[in-house]
Chemist: 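Would you mind keeping the following structure in view while I ask a few things?
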Amino acid sequence: MELDSAIALLKNAVKYTGTIDQKHIDLTLVPSKDRAKFEKALVVSQVAIKDGKISRDEFLRRLELD
């Protein structure tokens, strides 16, 4: 899985926290049969951040979490 496809997939798991009007990634939004795919996308993203391929701020911006 590539970083761009991982980010596109993770956008489907973003939701508002609720009372404080803040977004976060919530894997309970995805069907259990697809959960492994979303976990892999998280791993791909974290490795890309660790390797310096993308900054954490850019990652959060692309997920619209900033």
Chemist: Do V47 and I49 belong to the same hydrophobic cluster, where Ile, Leu, Val, Met, Phe, Trp and Tyr are linked whenever their side-chain heavy atoms lie under 4.5 Å apart, directly or via other members?
Modeler: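 No, it is not one cluster - the side chains of V47 and I49 are not joined through contacts under 4.5 Å.
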Chemist: Quick check for you: to the nearest 0.5 Å, what is the distance between D51 atom CG and Q46 atom CD?
Modeler: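 Atom-to-atom, D51:CG and Q46:CD are 11.0 Å apart.
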Chemist: Check S5 against E2 and note the closest heavy-atom contact, atom names and distance.
Modeler: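 Closest approach of S5 to E2: OG-O, 2.8 Å.
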Chemist: Between L65 and Y16, is there shared hydrophobic-cluster membership here, with clusters defined by ILVMFWY side-chain heavy atoms closer than 4.5 Å?
Modeler: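 The answer is no; the residues belong to distinct hydrophobic clusters.
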Chemist: Work out which heavy atom in V14 is nearest to a heavy atom in L63; give both atom names and the distance.
Modeler: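 So the two residues come closest at CG2-O, 4.0 Å.
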Chemist: Nearest 0.5 Å, what's the CG-CZ distance between L3 and R62?
Modeler: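 Going from the CG atom of L3 to the CZ atom of R62 covers 5.5 Å.
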Chemist: Go through it in stages, so that I can follow the logic: the residues are E39 and V43, the test is side chain to side chain contact (heavy atoms under 4.5 Å, CB included), and I'd like the CA-CA distance, side-chain angles, deciding distance and then a yes or no.
Modeler: CA-CA 6 Å; E39 290 171 349; V43 169; 5.7 Å; no
Chemist: Quick check: closest heavy atoms across L9 and F38, and the distance to 0.1 Å?
Modeler: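 Of all heavy-atom pairs spanning L9 and F38, the closest is O-CE2, 3.1 Å.
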Chemist: Could you go through residues 24-33 and list every donor-acceptor pair under 3.5 Å that involves a side-chain atom there, pairing it with any protein atom two or more places apart or in another chain?
Modeler:
unit_1 : atom_1 : unit_2 : atom_2 : d
H24    : ND1    : T17    : OG1    : 3.2
D26    : OD1    : T28    : N      : 3.0
D26    : OD1    : T28    : OG1    : 2.5
D26    : OD2    : K15    : NZ     : 3.2
D26    : OD2    : T28    : OG1    : 3.1

Chemist: Measure the spacing between NZ of K11 and NZ of K23 and express it to the nearest 0.5 Å.
Modeler: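 One finds 9.5 Å between NZ of K11 and NZ of K23.
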